[in-house]
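So the structure is just underneath, and the comments pick up after that.
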Amino acid sequence: MRILIPLFTTLLLSGSLVAQWTPLGAGMFSNRSLCQHQGDLYCATYPNGVKKSIGGTGPFTAVNTGLPMLGANYFVQSVGSDGAYLYAGTESGIYRSGDGGANWNNINGTLAASTAVYANKFFNFGTTLVAVFAGTVGEGGGMYRSGNFGNTWLIGHSGMGSNVTVYHVTEVGNILWASTSVGLYTSVDNAQSWTANPTVNYATFSLASVNNTLVIACTYGMRYSSNGGTLWVDASGDPSAPIDGEVVAFDGAVLTLLPSPSGCLRSTDNGATWSDYNTGFSEVDAAAQEEFLVAGNTLYCSALFDLYSVESSGNGLAEPDTPSAEIRPTIFTEGFTLRNNSANGTVLLIDASGRTVRTVNVRAGQDHWFDRADLPAGTYTALMHDRVSGTRYTLGTLIAR
């Protein structure tokens, strides 16, 4: 959402209201995109580039070295993470950082890059990174996918027409759902090809899944389906004709961001009815919200003048299970062993410059010996990509002597 609000409307809501959202007091303007990367929080601010908060609790500081400048401005529209790298979508192309934003390098290749066509959102599905672009497919927008951390890009919108603008992608089970300007599409091959959903052929901005129910924000307001998208039912308590939207499942409920005057709404009955959920936002930010980010048990929302968070109540939100695996020894000469109790996935070794130098598939219940072979002396980060959950997590830091 890109909403301009006059400065004279920047009044706080009454202090007598019980806050649903907590402002972070980030001290930043035009906060567009959020991601969490290795425990730190990153925000794309426009036109001031990427800001980083260590641990997500401290002040936000600029991390723009290597990003393109125009005058004194960094025109960054989005920021994302796949667990190994950070990615920034700018009006000059896609940039990547392997050192927590300290340095950025262009990995855009031949993808479109302009003030109208740029990487607007990043998603990670298994080992596939998906960049969703502003602009229609015919303009060079749509979706692009990479299986090697953005080193090369392939078309990710096959099956979509040239008039399609992609807004959002959501994974539900083993199916990807793309919300677009002409309706919903599904993919069962990780964005290699797409099939139009025959029951939704109108602008759909975002989709979420909660309690086996699909919920969409669309040009007709909020709708929900309890049969996998075959039949859709109109919700109540929502605006009739929004022009944008964002939906997320959190804490057993589903929340949506819709343009002024609605702002944030929440449904606790699987998308059937909606009510106001703006308490804690300043008056201007309640009409100028941008994107959600779920990070563990915290839901964040970016807005024009600040960032906001709400914590899980613990009801309906299970802690993700991290498969048990560990590496011994962490300082090695000839190699090391992965003691793997429950992870089916891929181990990635990342060197100090952020390059992936070794990729090995592993199975649950089996120990795996990693021969050093030609690995040079130095420090490495070991990541596990779990094939079942699709998540990535850090196994630890290794030192080759």
Item to check | Side-chain donor-acceptor contact under 3.5 Å, Tyr95 with Asn106 | outcome: yes
Item to check | Working for salt bridge (charged side-chain N to carboxylate O under 4.0 Å, His left out), residues Glu334 and Arg401 | outcome: CA-CA 9 Å; Glu334 297 180 355; Arg401 285 182 170 173; over 6 Å; no
Item to check | Trp21 (side chain) donor-acceptor with Tyr277 (main chain) under 3.5 angstrom | outcome: yes
Item to check | Residue pair Phe60 / Lys52, side-chain heavy-atom distance below 4.5 Å | outcome: no
Next on the checklist: If you define the side chain from C-beta out and look only at heavy atoms, does anything of Cys301 sit under 4.5 Å from Leu257?
Outcome noted: yes
Next on the checklist: Below 30° counts as parallel, above 60° as perpendicular, anything between as tilted: where do the rings of Phe336 and Phe370 land?
Outcome noted: parallel
Checklist entry - Just checking, any donor-acceptor pair under 3.5 angstrom between side chains of Ser302 and Glu291? => result no
Checklist entry - Is there a side-chain contact between Thr180 and Trp194, using heavy atoms and a 4.5 Å cut-off? => result no
Next on the checklist: Tell me whether Ser267 contacts the main-chain N or O of Thr273 through its side chain, where contact means a donor paired with an acceptor under 3.5 Å.
Outcome noted: yes
Item to check | Nearest-0.5 Å distance, SG of residue Cys264 to CZ of residue Phe281 | outcome: 5.5 Å
Next on the checklist: Is it the case that over 12 heavy atoms from other parts of the model lie below 6.0 angstrom from the OH atom of Tyr220?
Outcome noted: no
Checklist entry - Does the side-chain contact (heavy atoms from CB on, under 4.5 Å) test come out yes or no for Tyr167 and Asp244, once each step is laid out? => result CA-CA 9 Å; Tyr167 298 124; Asp244 203 350; 5.6 Å; no
Item to check | Step-by-step side-chain hydrogen bond (donor to acceptor under 3.5 Å, both in side chains) determination, Asn103 to Thr65 | outcome: CA-CA 5 Å; Asn103 297 279; Thr65 300; 5.1 Å; no
Checklist entry - With a 6.0 Å cut-off on ring centres, are Phe292 and Tyr300 close enough? => result no
Checklist entry - What heavy-atom pair brings Tyr224 and Ala272 nearest, and what distance separates the two atoms? => result CE2-CA, 3.5 Å
Item to check | Atom pair CG (Leu41) and CG (Leu24), whose distance is rounded to the nearest 0.5 Å | outcome: 7.0 Å
Checklist entry - Is Val357 close to Ile350 at the side-chain level, that is, under 4.5 Å between some pair of heavy atoms? => result no
Checklist entry - Is the centre of the Phe75 ring less than 6.0 Å from the centre of the Tyr46 ring? => result yes
Checklist entry - Heavy-atom distance under 4.5 Å between the side chains of Leu398 and Thr379, does that happen here? => result no
Checklist entry - For Gly93 and Ala113, which heavy atoms make the closest approach, and how far apart are they? => result N-CB, 3.4 Å
Item to check | Student check: side-chain heavy atoms of Met28 and Cys43 closer than 4.5 Å | outcome: yes
Next on the checklist: With a sphere of 6.0 Å drawn around CG of Asp269, does it hold more than 12 non-hydrogen atoms of other residues, nucleotides or ligands?
Outcome noted: yes
Next on the checklist: Is a donor from one side chain sitting under 3.5 angstrom from an acceptor on the other, for Thr152 and Asn148?
Outcome noted: yes
Next on the checklist: On a heavy-atom basis, which atom in Ser187 and which in Asp189 lie closest, and how many Å separate them?
Outcome noted: OG-OD1, 2.9 Å
Item to check | Sidechain-backbone polar pair: Ser78 side chain, Ala119 backbone, donor-acceptor under 3.5 Å | outcome: yes
Item to check | Residue that, paired with Thr45, satisfies side chain to side chain contact (heavy atoms under 4.5 Å, CB included) out of Leu307, Asn31, Val79 | outcome: Asn31
Next on the checklist: Heavy-atom count check: over 12 atoms from other residues, nucleotides or ligands less than 6.0 Å from Asn151 CG?
Outcome noted: yes
Checklist entry - What's the shortest heavy-atom distance between Arg358 and Ala373, and which atoms? => result NH2-CB, 3.9 Å
Item to check | Expected output: side-chain Arg96 to main-chain Phe149 donor-acceptor under 3.5 Å | outcome: yes
Item to check | Approximate separation, where rounding is to 0.5 Å, of Trp232 CH2 and Met222 CE | outcome: 10.0 Å
Checklist entry - Does a side chain donor of either Ser236 or Asp238 reach within less than 3.5 Å of an acceptor in the other side chain? => result no
Item to check | Under 3.5 Å: donor-acceptor pair, side chain of Asp306, backbone of Gly25 | outcome: yes
Checklist entry - Any luck finding a side-chain donor-acceptor pair between Thr346 and Asn361 under 3.5 Å? => result yes
Item to check | Short side-chain donor-acceptor distance under 3.5 Å, Asn163 and Thr136 | outcome: no
Checklist entry - Given Leu207 and Val215, is the side-chain contact (heavy atoms from CB on, under 4.5 Å) satisfied, shown in steps? => result CA-CA 6 Å; Leu207 175 148; Val215 181; over 6 Å; no
Item to check | Full working for side-chain hydrogen bond (donor to acceptor under 3.5 Å, both in side chains) between Glu246 and Ser206 | outcome: CA-CA 5 Å; Glu246 181 100 356; Ser206 187; 5.0 Å; no
Item to check | Residue pair Ala112 / Glu139: nearest heavy atoms and the distance that separates them | outcome: CB-O, 4.4 Å
Next on the checklist: Testing the 3.5 Å rule here: is there a donor-acceptor pair between the side chains of Tyr74 and Asn48?
Outcome noted: no
Item to check | Sub-6.0 Å ring centroid separation between Trp153 and Tyr144 | outcome: no
Next on the checklist: If I take atom CG from residue Leu184 and atom OG1 from residue Thr199, how far apart are they, to the nearest 0.5 angstrom?
Outcome noted: 7.0 Å
Checklist entry - For Phe125 and Val130, what are the C-alpha separation, side-chain angles and deciding distance, and is it a side-chain contact (heavy atoms from CB on, under 4.5 Å)? => result CA-CA 8 Å; Phe125 305 114; Val130 172; 3.9 Å; yes
Checklist entry - Counting distance only, does the side-chain N/O of Asp285 pair as donor-acceptor with the main-chain N or O of Phe305 below 3.5 Å? => result yes
Item to check | Heavy-atom donor-acceptor pair, Asn278 side chain to Gly263 backbone, under 3.5 Å | outcome: no
Item to check | Aromatic ring proximity Phe123/His168, centre distance under 6.0 Å | outcome: yes
Item to check | Pairwise distance OH(Tyr42) to OG(Ser81) - rounded to 0.5 angstrom | outcome: 8.5 Å
Next on the checklist: Heavy-atom count check: over 12 atoms from other residues, nucleotides or ligands less than 6.0 Å from Ile243 CD1?
Outcome noted: no
Next on the checklist: Checking the side chain of Ser225 only, and the main-chain atoms of Leu231 only, is there a donor and an acceptor separated by less than 3.5 Å?
Outcome noted: yes
Checklist outcome for this item: Looking only at heavy atoms, the pair that brings His157 and Gly141 closest together is CE1-O, 3.5 Å
Next on the checklist: Arg145 vs Gln192, test: side-chain contact (heavy atoms from CB on, under 4.5 Å). Steps then yes/no.
Outcome noted: CA-CA 8 Å; Arg145 57 189 174 86; Gln192 294 182 54; 3.5 Å; yes
Next on the checklist: Is any side-chain heavy atom of Glu91 closer than 4.5 Å to one of Leu70?
Outcome noted: no
Checklist entry - Do Thr186 side-chain atoms and Trp177 backbone N/O form a donor-acceptor pair below 3.5 Å? => result no
Checklist entry - Looking at Tyr202, does the NZ or CZ of Arg223 lie under 6.0 angstrom from its six-membered ring centre and within 45 degrees of the ring axis? => result yes
Checklist entry - Side chains of Leu383 and Leu395: does their closest heavy-atom pair fall under 4.5 Å? => result no
Next on the checklist: Once rounded to the nearest 0.5 Å, what's the spacing between atom CG of Asn64 and atom CG of Leu67?
Outcome noted: 5.0 Å
Checklist entry - Just checking, any donor-acceptor pair under 3.5 angstrom between side chains of Arg32 and Asn120? => result no
Checklist entry - Under 3.5 Å, is there a donor-acceptor pair between the side chain of Gln289 and the main chain of Ala303? => result no
